[in-house]
Amino acid sequence: MSPKFYDTARVERAVLAQVVLTRDDPAEASDSLAELARLADTAGLEVAGQLTQNREHPDGGTLLGSGKVDELRVVLEQTQSNTVIFDNPLNAIQAYQLGKALRGIRVLDRTEVILEIFARRARSAEAKIQVELAKTQFLLSRIPETEAQQRFGGGGTGLRGPGESHLHIRNAPLRRRITDLKRKLEAIRKRQADKSRVHRQWPVVSLVGYTNAGKSTLLNAFTRADAYVDDRLFATLDTKTRMAWLSPTRQVLLTDTVGFIRNLPHNLVACFKSTLQMAVDSDLLLLVVDATSPRLADHIAVCKKTLKEIGAEQVPHLLVLNKCDEGRASHSVLHATEAYPQAVPVSARSGYGLDVLKQAMIEELQRCCTLWRLPSAISEI
Ligand SMILES: Nc1nc2c(ncn2[C@@H]2O[C@H](COP(=O)(O)OP(=O)(O)OP(=O)(O)O)[C@@H](O)[C@H]2O)c(=O)[nH]1
Ligand SMILES: [Mg+2]
């Protein structure tokens with residue numbers, strides 16, 4: 001079995017499927033499914049239906065129970081869909097068994113859709129290598145690891161070399177490619193480290209946060225970066241750094257970076273380490289979230305978890321509640337500002353709160369950034 005990413009030239013109609021386990025939070029599961037619909041749309045798939053099953057445990061073979069797989073087949077037929085996207089991660093066996101049970105239907109999971117979006121959006125050589133690495137690792141994870149799994153999964157040729165299982169031999173080209181890509185990324189990382197040493201005359205502030213929160217809009221509001229802004233998930237995959245003036249005498253390097261999302265595939269985070277390294281090496285992080293999101297607390301938690309995963313949890317941060325547009329005293333904005341009194345409410349679109357944010361950045365950098373603790377620098381302000 002060798003899973004393929006779908007043909008981007010064809011228009012695909014997809015049904016979303018999800019297993020909600022007894023231990024899962026139902027509200028979060030429903031939000032995750034809504035997010036999957038946005039991910040599918042961003043990846044160019046038309047969502048035609050959805051199906052959820054509540055279970056105590058996922059089915060080891062097909063994730064959904066067999067009756068539900070039959071139901072799924074009917075929904076796929078009725079909606080004339082050719083793709084099913086699972087919100088839950090599928091292992092090698094589940095992907096194979098579902099593919100067999102739903103013959104002719106493309107079976108994807110959330111990780112594959114995110115990888116596809118990243119592959120489409122990657123522009124720089126670095127982002128392209130990072131995405132290819134994540135995809136290759138994903139393909140490798142979909143090949144059964146043991147001979148027993150291989151038999152259950154139904155693949156295999158029966159060929160075997162001396163001292164090595166045939167699975168190992170079959171995976172060798174993928175493993176070689178992974179080593180090659182990692183080497184290339186390492187070379188890029190070294191070059192970036194040299195560059196960032198030159199940059200160190202100014203404090204570095206990175207925009208991090210949930211995808212679609214308005215990080216690139218905020219970079220544009222602070223600088224003339226002309227960063228790409230879109231009401232889609234993962235509009236930005238490459239870092240963009242520009243000089244931003246916080247006051248007539250205070251300047252920082254402001255960096256926009258890739259957004260976070262719940263269940264961001266672990267190997268994708270690992271592969272994007274060099275892009276995210278900028279955040280780790282920053283003097284200050286602006287943790288940007290959409291104040292109007294009903295899942296604000298979850299989004300903040302996901303961001304903090306991802307920052308920990310990349311080793312940036314110690315970097316000082318300011319929580320920025322974006323999309324608090326003037327005249328938009330909506331219930332969610334009021335609730336957000338009350339729940340996070342330490343956060344800075346802004347509207348990157350209208351400019352509301354940006355002066356307060358600049359002042360908060362100056363104060364935080366004076367407190368935490370050694371570059372700004374120099375007496376000559378302090379007396380400038
Ligand atoms: N109403 C409102 N919309 C905003 C604001 N800031 C950004 N947006 C919109 O939110 C959407 C996402 O904005 P981006 O700046 O691309 O968000 P991002 O965080 O960079 O997103 P990714 O790069 O995809 O992670 C766009 O449609 C923006 O126009 C704001 O202050 N108010
Ligand atoms: Mg962006």
Side-chain angles (χ1 to χ4, degrees), residues 35-44 113-124 127 130-131 205-242 244 254-265 268-269 272 275-276 278-279 285-296 298-300 302-303 306-307 310 317-334 336-337 340 343-358:
E35 200 168 75
L36 185 67
R38 290 203 70 190
L39 286 168
D41 173 60
T42 303
V113 177
I114 294 178
L115 284 174
E116 179 54 33
I117 295 171
F118 273 56
R120 284 181 176 205
R121 292 253 194 268
R123 293 288 173 269
S124 71
Q130 292 175 130
V131 173
V205 180
S206 287
L207 293 155
V208 293
Y210 214 75
T211 182
N212 207 48
K215 301 177 294 299
S216 303
T217 311
L218 199 52
L219 178 78
N220 290 341
F222 270 144
T223 69
R224 286 201 209 117
D226 201 19
Y228 177 64
V229 167
D230 196 354
D231 192 15
R232 292 236 156 135
L233 308 181
F234 300 117
T236 306
L237 286 193
D238 295 309
T239 53
K240 195 168 225 182
T241 304
R242 291 290 180 276
L254 191 60
T255 294
D256 184 19
T257 184
V258 60
F260 305 149
I261 198 167
R262 88 193 69 211
N263 306 328
L264 194 59
L268 199 58
V269 176
F272 268 76
T275 298
L276 294 167
M278 199 74 183
L285 300 175
L286 297 187
L287 203 170
V288 186
V289 280
D290 176 351
T292 64
S293 166
R295 307 296 302 176
L296 179 62
D298 282 348
H299 289 187
I300 294 173
V302 166
C303 293
T306 315
L307 286 173
I310 62 168
H317 73 267
L318 284 174
L319 183 61
V320 180
L321 297 174
N322 191 31
K323 308 199 184 180
C324 296
D325 304 351
E326 280 139 302
R328 198 175 180 181
S330 70
H331 175 69
S332 48
V333 167
L334 289 174
T337 46
Y340 301 96
V344 187
V346 303
S347 165
R349 185 177 275 178
S350 73
Y352 162 78
L354 294 190
D355 285 342
V356 178
L357 178 57
K358 283 180 183 174

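In each ligand, atom 1 is the first atom listed, and ligand 1 is the first ligand listed. Residue numbers count from 1 along this sequence.
Distances below 4.0 Å separate heavy atoms of Gly259 from the following atoms of ligand 1: 25 (O). Every atom of ligand 1 with a heavy atom of Leu233 under 4.0 Å away is listed here by number and element: 24 (O). The contact set between ligand 1 and Ala213, taken as ligand atoms under 4.0 Å from a residue heavy atom, comprises 17 (O), 19 (O). Near Thr211, meaning under 4.0 Å from one of its heavy atoms, ligand 1 places the atoms 22 (P), 24 (O), 25 (O). The atoms of ligand 1 that sit less than 4.0 Å from any heavy atom of Arg232 are 24 (O). The ligand atoms of ligand 1 that sit less than 4.0 angstrom from a heavy atom of Phe234 are 24 (O). Listed by number with element, the atoms of ligand 1 under 4.0 Å from a non-hydrogen atom of Thr217 are 6 (N), 7 (C), 13 (O), 14 (P), 15 (O), 28 (C). Of all atoms in ligand 1, listed by their number and element, those nearer than 4.0 Å to a heavy atom of Lys215 are 15 (O), 17 (O), 18 (P), 19 (O), 20 (O), 21 (O), 22 (P), 25 (O).
In plain terms, the two heavy atoms of Ala336 and Leu321 that are nearest each other are O-CD1, 3.7 Å. For Phe260 against Cys303, the heavy-atom pair with the smallest separation is CD1-CA, 3.7 Å. Residues Ala291 and Cys324 share a closest heavy-atom pair of CB-SG, 3.7 Å. Of all heavy-atom pairs between Leu287 and Gly209, the closest is CD2-CA, 4.4 Å. Scanning both residues, Arg123 and Asp238, for their nearest heavy atoms gives CB-OD2, 3.4 Å. Thr236 approaches Tyr228 most closely through the heavy-atom pair OG1-O, 4.1 Å.
At a 3.5 angstrom cut-off on N or O pairs, Ser347 counts as close to ligand 1. Not one N or O of Asp256 is nearer than 3.5 Å to an N or O of ligand 1, by distance alone. Checked by distance only, ligand 1 and Val346 stay at 3.5 Å or farther apart across all their nitrogen or oxygen atoms. Checked against a 3.5 angstrom limit, the closest N/O atoms of Val258 and ligand 1 fall outside it.
When only modelled atom types and interatomic distance are considered, Asp256 and Ser216 share a side-chain donor-acceptor pair under 3.5 Å.
Checking Leu319, Asp298, Val320, Asn322 one by one against Val289, the side chain to side chain contact (heavy atoms under 4.5 Å, CB included) holds for a single residue, Leu319.
Of the heavy atoms in Asn322, only side-chain atoms (C-beta onward) come closer than 4.0 Å to ligand 1. Of all the heavy atoms of Asp230, the ones lying under 4.0 Å from any atom of ligand 1 belong exclusively to the backbone. Under 4.0 Å from ligand 1, the heavy atoms of Asp325 that appear belong solely to its side chain.
Side-chain contact between Tyr210 and Asp290 is absent, with no heavy atoms from C-beta onward closer than 4.5 Å. Looking at heavy atoms from C-beta onward, Ile117 lies out of side-chain contact with Leu233 at the 4.5 angstrom threshold.
Here the protein contributes Ser216 OG, Thr236 OG1 as N, O or S atoms under 2.8 Å from the Mg ion (ligand 2).
Ion pairing of Asp231 with Arg38 is present here, as a side-chain N (NZ or NE/NH1/NH2) and a carboxylate O approach within less than 4.0 Å.
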Does the pair Lys358 and Phe222 meet the rule for a side chain to side chain contact (heavy atoms under 4.5 Å, CB included), with working shown? CA-CA 9 Å; Lys358 283 180 183 174; Phe222 270 144; 3.2 Å; yes
Candidate pair Phe234 and Thr42, rule side chain to side chain contact (heavy atoms under 4.5 Å, CB included), full reasoning: CA-CA 9 Å; Phe234 300 117; Thr42 303; 5.8 Å; no
